[in-house]
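Read through the structure below, which is laid out as structure tokens, and then see the notes.
Below, chains carry the letters A, B, ... as their sequence lines are ordered, and counting in each starts from 1.
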Protein chains: 2
Amino acid sequence: MTDRSQSPRRRTSPSPQILRAVLRLRELILTGTLPAGQRVAELKVVDLVGVSRTPLRLAMERLEHEGLLARRPSGGFVVREFTLQEVQHAIELRGALEGVACRFAAEHRDDTGLDALDATVDELDRILHGQPESSTTFDEYVRLNAQFHEQLVRVAKTPLLGRLIEQVQGLPFASPSAFVQTQATSAESLRILIVAQEHHRTIAQAIRAGDGSRAELLAREHARLALRNLDAAVRDIDAFRRLPGGALVMLDEGRR
Amino acid sequence: MTDRSQSPRRRTSPSPQILRAVLRLRELILTGTLPAGQRVAELKVVDLVGVSRTPLRLAMERLEHEGLLARRPSGGFVVREFTLQEVQHAIELRGALEGVACRFAAEHRDDTGLDALDATVDELDRILHGQPESSTTFDEYVRLNAQFHEQLVRVAKTPLLGRLIEQVQGLPFASPSAFVQTQATSAESLRILIVAQEHHRTIAQAIRAGDGSRAELLAREHARLALRNLDAAVRDIDAFRRLPGGALVMLDEGRR
DNA sequence: TCGGCCTAGAATGCATGCAATTCGTCGAGC
DNA sequence: GCTCGACGAATTGCATGCATTCTAGGCCGA
């Protein structure tokens, strides 16, 4: 249930112990339980995740590739810290990669995949035009938004590209749904949601029309909305710190 | 000596045993000693690489992330097979990513980095205008060509992008220098080299001029040269099989 | 003769022991 | 009082043993 969003993430399923360690470690890192920049001692986390050192080490190797852990020259791992600029770059890179996905999709022409994409866009429309305030509504929006981006990658028919996008999305705040929760309140946020949905629709249209360049530009522009959301989220530092991964980001020239 | 090109590849240096296993396994895979699609039994390769199972397993996890190994659902790893289309996608993706690097570089404006880039272009010019036939000349060209692409990523000032490009380059025939050796002979190949060098120069110019879009388009076009080289290389199947990674590529609808 | 089941072998995944290295701290010397 | 060095604790990296799971081959039956 809780990791429903994880299941399509990794095509390769490691053994259960490693998977458990990866999921638990990710949680510990993103919640800030394991402080950023701090060494992750194997014996210290062995009891936190409930697996032995061997699968734990495998999991840490995996998280190193995901970018959440960094290898220390002298051995062992530390929780990676991210500058705000790195987060911005990750978002921009996601946009660039999704742009490439759009271009590939426009060239490969998978009609059934495009139908599914349109269906998701329609569902999103229904959400946005319905009653605006409801927690289940927002959950549903998050789900559909993620689904749109997954389907976008799928119609690109390029598994390698999907892997790259997954890798980028593993970084803090780089996921397409990273800021949807924070958008619940302000009027500015509502405007952004409306624009985002316009992007969704026009991206799908451009792909179907075979206009890869337009779709690519739109995808990049779409990601720039996340940049604006990031700016807004950083403004309330305390709330930002409570977001998943917020504890990993250094703000104000190296502070935390 | 032989792995000189590897040293700048990975920022993160694993422990010597793991590194040894990774390098040796890569070699075994790319040379086809471990046949594509076949299971890689740990005990079988333990004596081939000279390390124990634990570091070997770490190395295999790493190669899985590189894309050369795939996890089997029932456990263990197999040597990945690549379709020709996947190789083409990898090359195109490298071009797309290098294009993004160009755009970032044009925006970030690192003059000293650009000077280094220009210097490499000048050196490449000198190589191309000198005597055309010499093995050391070709080695030097390969070195400078790789250096150009490394510096290109460096001036983008986006380490994450560098990681993605490294990941793509780890796939067979996706490296910028993958086909330079095969270009020694034909007149067509010489023309491609000339055009490639023109790309190098104009890319550097466009970045310095701050014209990210032009640089991006050129980078993508540059990668398309590799696609042409791939087509040419595939024509001589026997020679292709002897290239590093050639044994991993399935040609003709699943044959080998 | 072919197909399915069962069994023996093998391979993986995991846990833990051991040695080497690193890190922190305390003490001594300047 | 400060710095350098050395010792001890802690941690990593590696190797190997064991249990579980998978695989392959043979045997039996149709």
Side-chain angles (χ1 to χ4, degrees), chain A residues 3 6-7 10-26 28-29 33-66 68-81, chain B residues 3 6-7 10-26 28-29 33-66 68-81:
Chain A
D3 52 334
Q6 301 290 355
S7 53
R10 282 276 163 202
R11 270 172 299 281
T12 62
S13 320
S15 43
Q17 300 277 55
I18 298 178
L19 183 64
R20 173 187 173 82
V22 167
L23 293 178
R24 188 94 183 95
L25 271 180
R26 250 208 293 257
L28 291 174
I29 293 170
T33 309
L34 294 176
Q38 187 168 309
R39 178 177 195 169
V40 183
E42 297 180 0
L43 292 176
K44 289 292 197 308
V45 289
V46 154
D47 27 354
L48 282 180
V49 305
V51 303
S52 184
R53 284 180 55 209
T54 304
L56 182 70
R57 174 180 294 250
L58 271 301
M60 288 166 80
E61 164 91 1
R62 198 177 187 106
L63 289 174
E64 181 207 355
H65 274 87
E66 282 191 20
L68 294 183
L69 290 180
R71 216 174 257 273
R72 292 195 327 164
S74 60
F77 295 89
V78 290
V79 178
R80 264 212 60 184
E81 295 179 297
Chain B
D3 54 334
Q6 302 290 355
S7 53
R10 283 274 162 204
R11 271 175 296 283
T12 61
S13 321
S15 44
Q17 300 276 55
I18 299 179
L19 183 64
R20 172 188 174 79
V22 167
L23 294 178
R24 188 95 183 95
L25 272 180
R26 251 208 291 259
L28 291 174
I29 293 170
T33 310
L34 295 176
Q38 186 167 311
R39 180 177 193 167
V40 182
E42 296 181 0
L43 292 176
K44 289 291 196 311
V45 288
V46 153
D47 28 351
L48 281 180
V49 306
V51 303
S52 185
R53 285 180 54 207
T54 304
L56 181 69
R57 173 179 295 250
L58 271 301
M60 287 166 81
E61 165 92 0
R62 199 176 186 107
L63 289 175
E64 181 207 355
H65 275 89
E66 282 191 19
L68 294 183
L69 289 181
R71 214 175 259 273
R72 292 197 329 163
S74 59
F77 295 89
V78 290
V79 178
R80 264 212 60 185
E81 294 179 296

Q: Identify the residue among B/Thr54, B/Leu56, B/Val51 that makes a side chain to side chain contact (heavy atoms under 4.5 Å, CB included) with B/Gln17.
A: B/Val51

(Q) If you define the side chain from C-beta out and look only at heavy atoms, does anything of A/Val79 sit under 4.5 Å from A/Leu69? (A) yes

Q: Determine the contact category for A/Ser15: base if any of its heavy atoms lies under 4.0 Å from a base atom, sugar-phosphate if only primed atoms, P, OP1 or OP2 are that close, otherwise nothing.
A: sugar-phosphate

Q. Which part of the nucleic acid does A/Arg39 contact within heavy-atom distance under 4.0 Å: base, sugar-phosphate only, or nothing?
A. sugar-phosphate

Q: Mind calculating the distance between CD (A/Gln38) and P (C/dG24) to the nearest angstrom?
A: 11 Å

**Q.** Members of residues 43-53 of chain A that approach DNA chain C, where some heavy atom sits under 4.0 Å away
**A.** A/Ser52, A/Arg53

Q: Tell me which of B/Pro55 and A/Ser74 sits closer to the 5' end of DNA chain D, going by the nucleotide each one is nearest to.
A: A/Ser74

Q | Which atom of A/Arg80 lies closest to which atom of A/Ala70, heavy atoms considered | A | CG-CB, 3.4 Å

(Q) With a strict under 4.0 Å distance from non-hydrogen atoms of chain A, what nucleotide opens and what nucleotide closes the contacted stretch of DNA chain D, reading 5' to 3'? (A) D/dT11 to D/dG13

**Q.** Electrostatic pair B/Arg71-B/Glu61, nearest N-O below 4.0 angstrom
**A.** yes

Q. So, B/Arg20 side chain and B/Val49 main chain: donor-acceptor pair closer than 3.5 Å or not?
A. yes

Q: Quickly work out the B/Gln17 CD to C/dA20 P distance and round it to whole Å.
A: 13 Å

Q) Looking at B/Pro55 and B/Ala21, what are the two nearest heavy atoms and their distance? A) O-CB, 4.5 Å

Q: Check for a donor-acceptor pair, side chain of B/Arg72 on one end and backbone N or O of B/Val78 on the other, with a separation under 3.5 Å.
A: no

Q) Atom CZ of A/Phe77 to atom C1' of C/dT22: distance rounded to whole Å? A) 16 Å

Q) Can you tell me how far CG of A/Leu34 sits from CZ of A/Phe77, rounded to the nearest 0.5 angstrom? A) 13.5 Å

